[in-house]
Every structure is written in C-alpha cells, then in structure tokens.
Amino acid sequence: MDRIVEITDFGAPELDIYARFSENQLAHIFEPDRGLFIAESPNVIGRALDAGYEPVSMLMERKHVDGAGADIIRRCSDVPVYVAEFDVLTGLTGFALTRGMLCAMRRPALPDVADVCRDAGRVVVLENVMNPTNVGAIFRSAAALGMDAVLLTGGCSDPLYRRASRVSMGTVFQIPWTYISDLSVSVSEDKDAVKEMRSGMDVLHDLGFVTAAMALRNNTVDIQDGRLKKIDKLAVIFGTEGEGLDACTIDESDYTIKIPMYHGVDSLNVAAASAVAFWELGRR
C-alpha cells in the first residue's frame with residue numbers, strides 16, 4: 001500500500017506529533033481550531049473510531065501492518081501509516097508503545113453540560129483530579145458500572161491524554177463527557193466589576209441534580225442509605241488525591257457521602273472509591 005511509509009528520516013516533520021510535541025502542545029496545535037491527541041493500542045484506537053473520532057496518521061510496528069493493526073488500517077483508508085521496528089519506535093517516541101501502535105486524531109468539539117446531562121440519571125463530577133491514571137480509571141468504572149456521563153472542572157487531567165485514554169481502555173470515547181465551570185462560587189477581583197460568577201454547582205442544581213460530595217467528614221450519609229437510590233438525578237462529586245474536595249464544594253452539596261472503612265483505613269484512592277460508589281449508587 002502506498003500509504004505505508006517506512007521510517008528512514010527521524011527528523012521528518014510528519015513525525016513531530018509523535019516524537020517532539022508534548023500532549024499539551026498537540027491539544028493547541030491548530031488554535032483557534034481544535035487540536036490533536038494520540039490514542040494508543042488497537043483497542044483504544046478502535047473505540048475512538050467507533051465513536052466517530054477522525055484519524056490523521058498512524059505509527060506502528062512493522063509486524064502489526066498485517067497483524068493487530070490490519071483492521072485499524074482498513075478502517076482508516078486515507079490515513080498515512082508510518083512503520084518501523086519496535087526498538088526504533090521506542091527510541092523515536094521515548095517510551096515503549098503499548099501493543100506497538102499509536103494514532104493521531106483530531107479533537108472533537110465538546111458538547112455543552114446541558115446536552116451531556118439531558119437524559120442522565122447518574123453523573124460523575126471530577127473536581128481537580130489531576131492524575132491521568134486516576135481519570136482514566138474513573139472513566140472505565142463509570143462506563144462499566146452504570147454512570148451516564150462525566151463532568152470535569154478545568155483543573156482535571158485531560159481525558160484524551162494518551163495515558164488517561166489508555167487506562168480507560170477507550171471508554172473515554174464511549175461515555176459522554178465535557179467540562180464544567182468550577183464548582184464553588186468565585187468573585188471577580190476587579191473592584192469596578194465585582195460580580196458573582198455562576199458556579200458549576202449552580203449549573204447542576206439548575207439541571208435538576210441532587211449533588212453528593214464524596215468526602216471525609218463526620219456529618220456524612222452512609223453510601224448504602226436508601227434515600228440515595230431513590231434520587232432520580234444524582235451528581236456524585238470526587239476530589240483530587242490527597243486534598244480532596246474544596247470545602248465550599250462540600251458545603252454546597254446536598255449530601256456528603258462516606259464509604260465505611262475497616263482495619264483503621266481512613267480512605268481509598270479516588271479511582272478505587274469511585275468504583276465502590278458507582279457500584280452502589282448506580283443500582284436503583
């Protein structure tokens with residue numbers, strides 16, 4: 001195939017997106033138009049294609065052209081495919097490829113919060129969850145355990161970052177998601193235009209959601225409390241590792257939920273806690 005290109009020149013500009021641009025640079029590469037992201041592994045790439053994401057080019061081990069990558073190549077009929085041996089690719093990209101395959105894809109236009117939540121009964125809200133591994137794991141659990149959508153504040157790791165999408169096993173392309181404004185109310189520092197900004201919590205309440213903060217406080221509701229399962233529209237809010245949720249976010253939530261612990265353990269990793277919460281709160 002003419003579009004199978006053997007890598008001979010490591011300095012070729014076509015390879016910049018794989019070898020020399022950071023993920024943040026890729027996200028902004030075409031501004032003001034939408035940028036790119038890198039999907040890794042046949043499973044993740046396949047799920048992105050299933051969801052309608054547009055491929056730009058691929059980079060893979062030579063052996064995958066007629067193996068694990070054959071179906072992906074067939075589905076991307078007009079996309080150039082750069083190939084080389086595994087050691088060459090590792091040296092070029094600076095990391096060992098999972099399943100020896102990468103695909104550069106265009107970022108989609110993100111939907112509005114109202115559109116994402118229109119038919120949702122259970123929504124996950126992430127406040128400043130910065131670790132891409134945690135974000136990816138939360139998406140995977142959300143998709144598997146009955147959550148309808150994920151909302152992220154601007155301080156979260158990008159779900160389309162390579163590690164996040166790979167850890168999610170491609171579920172970031174299956175479950176609806178978008179960004180929401182900061183959950184707690186902020187006030188402008190401009191004294192001539194002091195203005196209370198509309199918070200993400202206001203948006204959730206306006207959309208009819210009861211909000212439940214996962215937090216370590218004494219005045220909490222047990223996650224097995226029957227009242228929670230009777231709520232038609234519930235937004236479950238998680239904070240970053242270590243610091244947890246902002247105090248204002250907890251104060252403004254309708255419920256504060258705590259997972260009972262044993263053997264002196266005081267908390268779970270946010271990804272593990274999310275799986276417990278989704279399993280319990282997703283069953284109605």
Side-chain angles (χ1 to χ4, degrees), residues 14 16-18 21-60 69 71-81 98 101-120 122-130 132-144 147-182 200 203-204 207 235:
E14 294 86 354
D16 285 347
I17 57 178
Y18 298 106
F21 287 0
S22 69
E23 292 189 290
N24 187 57
Q25 288 173 319
L26 287 177
H28 301 282
I29 192 171
F30 296 132
E31 285 187 337
D33 293 332
R34 299 187 297 276
L36 303 175
F37 69 95
I38 304 295
E40 182 179 1
S41 86
N43 181 50
V44 173
I45 296 168
R47 286 185 171 174
L49 294 174
D50 290 343
Y53 284 68
E54 179 186 354
V56 173
S57 68
M58 284 182 279
L59 177 67
M60 68 177 67
D71 182 62
I72 300 295
I73 293 172
R74 179 187 58 77
R75 296 180 64 184
C76 305
S77 57
D78 299 323
V79 170
V81 181
T98 299
M101 191 182 306
L102 299 175
C103 183
M105 295 185 153
R106 296 191 186 280
R107 286 177 171 267
L110 290 176
D112 294 333
V113 173
D115 290 335
V116 167
C117 295
R118 180 166 290 112
D119 299 317
R122 292 291 182 269
V123 168
V124 182
V125 185
L126 305 184
E127 181 181 68
N128 303 331
V129 179
M130 297 172 283
T133 299
N134 284 335
V135 169
I138 291 169
F139 265 85
R140 187 175 181 181
S141 294
M147 299 296 107
D148 300 312
V150 180
L151 304 174
L152 307 95
T153 65
C156 289
S157 178
D158 189 336
L160 295 184
Y161 276 177
R162 182 179 59 87
R163 185 168 182 81
S165 64
R166 191 184 76 215
V167 171
S168 82
M169 294 297 291
T171 54
V172 296
F173 309 117
Q174 295 179 300
I175 187 168
W177 65 273
T178 195
Y179 288 99
I180 191 170
S181 55
D182 288 347
V203 173
L204 290 169
L207 291 172

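Values reported hereafter were calculated over all heavy atoms of this structure, with side chains retained and with hydrogens, waters and symmetry mates removed.
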Item to complete: Show your working on side-chain contact (heavy atoms from CB on, under 4.5 Å) between I17 and L59 and close with a plain yes or no.
Response: CA-CA 10 Å; I17 57 178; L59 177 67; over 6 Å; no
Discussion item. Under the criterion side-chain contact (heavy atoms from CB on, under 4.5 Å), I'd like the reasoning laid out for V167 against R140: C-alpha separation, chi angles, the key distance, then a yes or no.
Written reply: CA-CA 8 Å; V167 171; R140 187 175 181 181; over 6 Å; no
Discussion item. Is there a side chain to side chain donor-acceptor pair (under 3.5 Å) between R163 and T133? Walk through the geometry before answering.
Written reply: CA-CA 6 Å; R163 185 168 182 81; T133 299; 2.7 Å; yes
Fill in: Step-by-step side-chain contact (heavy atoms from CB on, under 4.5 Å) determination, V123 to M147
CA-CA 6 Å; V123 168; M147 299 296 107; over 6 Å; no
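Distance alone, capped at 3.5 Å, places no donor-acceptor pair between the S57 side chain and the A104 backbone. With hydrogens and angles ignored, the 3.5 Å screen pairs no side-chain donor or acceptor of T171 with any backbone N or O of Q174. In this structure a side-chain-to-backbone donor-acceptor pair under 3.5 Å is present from S165 to R162. A donor-acceptor contact shorter than 3.5 Å links the side chain of W177 to the backbone of V172.
Summarising the geometry, atom CE belonging to M101 is positioned 8.0 Å from atom CE belonging to M58; distances are rounded to the nearest 0.5 Å. To the nearest 0.5 Å, atom NE2 of residue H28 and atom CZ of residue R34 are 14.0 Å apart. We find the CD1-CD distance between I38 and E40 to be 9.5 Å, quoted to the nearest 0.5 Å. Note: D158 CG to M130 CE = 15.0 Å, rounded to the nearest 0.5 Å.
Side-chain atoms of T153 and N128 include a donor-acceptor pair closer than 3.5 Å. No donor-acceptor contact under 3.5 angstrom links the side chains of R166 and S41, judged on distance only.
D148 and P176 make their closest contact through O-CD, 3.3 Å (heavy atoms, listed as atom of the first residue, atom of the second, distance). The shortest non-hydrogen separation linking Y179 to L110 is CD1-CD1, 3.5 Å. Minimum heavy-atom separation, M105 to A48: SD-CB, 3.5 Å. The shortest non-hydrogen separation linking F30 to G35 is CD1-CA, 4.3 Å. When all heavy atoms of S168 and F139 are compared, the closest pair comes out as CB-CB, 4.1 Å. Contact between L126 and V129 at its shortest, heavy atoms only, is CB-CG2, 3.9 Å.
The closest side-chain heavy-atom distance from L26 to N24 is not below 4.5 Å. When side chains are defined from C-beta on, L49 counts as touching P55, because their heavy atoms get closer than 4.5 Å. For the pair L36/R107, no side-chain contact is recorded, criterion being any heavy-atom separation below 4.5 Å from C-beta on. Between L151 and C117 the shortest side-chain heavy-atom distance falls below 4.5 Å. Between I73 and M60 the shortest side-chain heavy-atom distance falls below 4.5 Å. Residues D112 and T178 are not in side-chain contact: their nearest non-hydrogen atoms beyond the backbone lie 4.5 Å or more apart.
A salt bridge links D115 with R118: the closest approach of a Lys/Arg side-chain nitrogen to an acidic carboxylate oxygen falls below 4.0 angstrom. Between R75 and D50 there is a salt bridge, with a side-chain nitrogen of the basic residue lying less than 4.0 Å from a carboxylate oxygen of the acidic one.
For Y161 and F37, the ring centers sit 6.0 Å or farther from each other.
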